[in-house]
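Inspection log for the structure reproduced underneath, given as structure tokens.
One-based numbering along the sequence shown.
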Amino acid sequence: MRDREKARKRAQELVGKMTLEEKASQLRFDAPAIPRLGIPAYNWWNEALHGVARAGVATVFPQAIGMAAAFDAALMEEVGQAIAQEGRAKYNAYKAEGDRDIYKGLTFWSPNVNIFRDPRWGRGHETYGEDPYLTGELGKAFVEGLQGDGEHLQAAACAKHFAVHSGPEGERHRFDARVSQKDLWETYLPAFEKLVKEAGVEAVMGAYNRTNGEPCCGSKTLIEDILREKWGFQGHYVSDCWAIKDFHTQHMVTDTAEESAAMALKAGCDVNCGVTYLHLLKACQDGLVTEEEIGQAAERLFTTRFLLGLFDETAYDGIGYDRIECKEHLELAERAAAEGMVLLKNNGLLPLKKEGLKTIGVIGPNADSRKALIGNYHGTSSRYITVLEGIQDALPDARVYYSEGCHLFQDKVEGLGHRQDRISEALSVVKNSDVVILCVGLDETLEGEEGDTGNSYASGDKADLQLPQSQRELIEAVLQAGKPAVVLNMTGSAMDLRYVQEHADAVLQVWYPGARGGRAVAKALFGEISPSGKLPVTFYNSTEELPAFEDYSMKGRTYRYFQGRPLYPFGYGLTYGDVKVESAECGGQKWTAGTTSSLEWDVTQDMTVKVRMKNQGHMATGEVVQAYVEALESDYAAPNGKLCAFGRVFLNGEETGETELIIGNDAFTVVNEEGERIVDGGKFRVSIGLGQPDERTRELTGKDCIVFTVDRK
């Protein structure tokens, strides 16, 4: 059993032996050694978004948004466990060499549980999508896997970026995200609350921006009032990198570095990623902070170090270097890629049959791209398998033709060439192929973090949902050639795929599938596995349907509040099987398609629904059954209901199976304008199906949900 109080007392005793200068030094992200107390140097900055990042070789899992599309909490926990094992293996190895550099500690600044409220946000692919419930469930599982349940933390997770943060990237250092109390507590805070109260996340990182006027890394409201007092958070708080400097250089809420350091420390920010806490001693000298406040932050940080066992022998000391990129972790990464791929359209072309396939054309700037595999915040793989390589390996007896087709975003590949200098090659490949695989999309140089060390200043937000002009011209040329064609979209966000949806035979959303993701893609194309992912974000037709990017109100955003007709809805995804939800049972009642009887229920209690499904097709497949709840008598309810439970099942061809969904009592609550979560009204609609209970999902899948009403007891 993990003993925080024991760790806190040891931290208090150790910090009590330090001078003021020593205490202040330990609040830096690159905390120096204190030899006289036997304290080695420690760098708090490490990354583990989808694998141990920036410290050499590690298993590179699919980008977070791709794993979210699997709708599989158990998978996320396994991934967290694998990452922590590799993190410990690296820490043990580097420690033995006396290396305590950046990216080599055990405090991982992951996961990113911000809400992907607008598809233009460049960092959205680091998140688990647009839904607070899905984000909370997957984030909780990841944290529990990463931290483990032993006497010591296997690694320390960090929920970021607290709390209202999702672009614009170019304005984040000065931006003030204005939100209502309803939106704050209904959308932006629930995932953080779940990670704190249910997963015991060890750290929380503040955002760059202000929220309702207060800088997030110096907000007493967010850090002290909500995080520590209301939720009981006992871990440590870290600033985003160089965010505290923004207080006086961008937000203009302070005048000096000393004032900024004092503001952050007094609000409860314990460790500074940046250099502003170098001014803490001067701030203390000037009476802006006290030695006791500096010591309190140091105690929190050393509590975490003791919980990690950094001064003791632990059960993790024997984790060897052989766990890094081991067979089990590589297989897990491939499974994550397979579960997360979303089949958006299929007129019957997929799966492709290897038998009789003599020639296949693989075209597009992402077909043989390593960057398109890995997203951002990634480690280094010892081997990469692109989509082209995966197809080549799968078809040793067929001729695989390849053309880059066009540059990712420029109008030519060769500097001295004419505009679109690869189109003729692409069309030649089409003419000589029985079927075409067209690989388009983006990579971290086109959607990512402003100023990120991985992509400098080349990336950031998207201006719109269009693919680059070079790719749009390639798509039209290839799809107009008349050959059977599959389009693979490799992006971390929603794109305008209307032309592709209309003209391609099949469309597969691949995301950034991990370093060896090309193998999983090939298995899906040739039917060794069935795609079974669901969209964790809404695919809109264009940004013209959306409010301004800078508007943080949820009105008109995400599946819960969008009033238009999306291209592809949240929760949507096809398979090679033909699964149907046959019945749902709860409280002694049973519902099938078309039944409308109601259930009287005490809505302060969780509800367990037994769901029976049948795969009417011949091919085995995974599926995701989903439950949505709508409050029918409340003015505070989201207009389209909300996801409240999901479960992943696997069914062989013509197999029948059952699963249980637990709908938490929170599903029957709403958030009022004051931010209070209440039960309002006496009637609720529950929908159980393979997607949302909306018209567009029915149109795309041809299937209805099972629906029943709940009367409040």
Pairwise side-chain contact, Val649 with Met613, heavy-atom cut-off 4.5 Å (strictly under): yes

Donor-acceptor contact below 3.5 Å, side chain Thr697 vs main chain Pro693: no

Criterion side chain to side chain contact (heavy atoms under 4.5 Å, CB included) on Thr709 and Val686, from CA distance to verdict: CA-CA 6 Å; Thr709 56; Val686 178; over 6 Å; no

Lys703 atom NZ, over 12 foreign heavy atoms within 6.0 Å: yes

Ion pair check, Lys580 and Asp578, cut-off under 4.0 Å: no

Salt-bridge present (Asp461, Arg120; N to O < 4.0 Å): no

Flag, side chain of Asn640 to backbone of Tyr559, donor-acceptor distance under 3.5 Å: yes

Side-chain heavy atoms of Ser219 within contact of Thr211, under 4.5 Å: no

Note: Glu623-Arg648 ion pair, threshold 4.0 Å (strictly below): no

Non-hydrogen atoms of Ser553 and Asp183 that approach each other most closely: CA-OD2, 3.5 Å

Residues Lys220, Glu224: salt bridge by 4.0 Å N-O rule: no

Lys345 side chain vs Val507 backbone, donor-acceptor pair below 3.5 Å: no

Working for side chain to side chain contact (heavy atoms under 4.5 Å, CB included), residues Phe570 and Leu535: CA-CA 5 Å; Phe570 172 92; Leu535 291 180; 5.6 Å; no

Salt bridge flag under 4.0 Å for residues Asp118 and Arg557: yes

Cation-pi geometry met for Lys160 and Tyr377 (6.0 Å, 45°): yes

Validation row, ring centre His165 to ring centre Trp121 under 6.0 Å: yes

Check against side-chain hydrogen bond (donor to acceptor under 3.5 Å, both in side chains), Trp511 and Thr491: CA-CA 5 Å; Trp511 313 106; Thr491 65; over 6 Å; no

Val611 backbone acceptor or donor facing Glu585 side chain under 3.5 Å: no

Test item: Leu574 and Pro531 side chains (from C-beta on) under 4.5 Å apart, heavy atoms: no

Intermediate values then yes/no, ring pair (Phe, Tyr, Trp, His ring centres under 6.0 Å), Tyr208 and Phe175: CA-CA 8 Å; Tyr208 283 110; Phe175 187 73; over 10 Å; no

Least distance between heavy atoms, Ser530 atom then Thr575 atom: OG-CB, 3.6 Å

Between Asp711 and Ser598, a side-chain donor and acceptor under 3.5 Å: yes

Check against side chain to side chain contact (heavy atoms under 4.5 Å, CB included), Gln626 and Val624: CA-CA 6 Å; Gln626 304 163 46; Val624 178; 4.0 Å; yes

Salt bridge flag under 4.0 Å for residues Glu699 and Arg696: yes

Ile678, CD1 atom: more than 12 neighbouring heavy atoms under 6.0 Å: yes

Intermediate values then yes/no, side-chain hydrogen bond (donor to acceptor under 3.5 Å, both in side chains), Glu214 and Thr221: CA-CA 8 Å; Glu214 289 185 284; Thr221 300; 2.7 Å; yes

Contact summary for Ser542 and Arg498, nearest pair of heavy atoms: CB-NH2, 4.0 Å

Worked check of side chain to side chain contact (heavy atoms under 4.5 Å, CB included) between Thr135 and Ile115: CA-CA 8 Å; Thr135 297; Ile115 297 302; 3.9 Å; yes

Charged N-O contact under 4.0 Å between Glu658 and Lys614: no

Basic-acidic side-chain contact under 4.0 Å: Glu77, Lys140: no

Side-chain heavy-atom pair Leu599, Trp591 within 4.5 angstrom cut-off: yes

Side-chain donor/acceptor of Glu633 to backbone N/O of Gly682, under 3.5 Å: yes

Closest non-hydrogen atom pair between Arg228 and Gly268, with its separation: NH2-O, 3.4 Å

Glu137/Lys194 salt bridge by N-O under 4.0 Å criterion: yes

Sidechain-backbone polar pair: Glu447 side chain, Gly492 backbone, donor-acceptor under 3.5 Å: yes

Tyr128 side chain to Phe116 backbone, donor-acceptor under 3.5 Å: no

Side chain to side chain, His50 and Met67, heavy atoms closer than 4.5 Å: yes

Ser166 side chain reached by Tyr552 side chain, heavy atoms, under 4.5 Å: yes

Asp635 (side chain) donor-acceptor with Ala637 (main chain) under 3.5 angstrom: no

Electrostatic pair Glu582-Arg612, nearest N-O below 4.0 angstrom: yes

Residues Lys642, Glu130: salt bridge by 4.0 Å N-O rule: no

NZ/NE/NH1/NH2 to OD/OE distance under 4.0 Å, Glu630 and Arg685: yes

Plane angle bin for Phe646 and Tyr133 - parallel if under 30°, tilted between 30 and 60°, otherwise perpendicular: perpendicular

Main-chain N/O of Tyr540 paired to Thr538 side chain as donor or acceptor, under 3.5 Å: no

Salt bridge (Lys or Arg N to Asp or Glu O under 4.0 Å) evaluation trace for Glu449 with Arg172: CA-CA 10 Å; Glu449 180 178 3; Arg172 63 183 183 168; 3.0 Å; yes

Passing option when Asp246 is tested against His173, Arg174, Arg210 for side chain to side chain contact (heavy atoms under 4.5 Å, CB included): His173

Under 3.5 Å: donor-acceptor pair, side chain of Arg123, backbone of Glu450: no

Donor + acceptor pair across side chains of Tyr636, Glu186 (<3.5 Å): no

Side-chain H-bond candidate by donor/acceptor type, Asn376 with Glu444, under 3.5 Å: no

Polar side chain donor-acceptor pair, Gln509 to Asn489, under 3.5 angstrom: yes

Matching residue for Trp185 among Val671, Val179, Asn672 - test: side chain to side chain contact (heavy atoms under 4.5 Å, CB included): Val671

Atom CD of Glu674 with >12 non-hydrogen neighbours under 6.0 angstrom: yes

Carboxylate-amine/guanidinium contact Glu339 Arg335, below 4.0 Å: yes

Student check: side-chain heavy atoms of Leu661 and Val625 closer than 4.5 Å: yes

Ala69 to Gly340 - nearest heavy-atom pair and separation: CB-O, 3.3 Å

Close side-chain approach of Arg698 to Asp704, heavy-atom, < 4.5 Å: yes

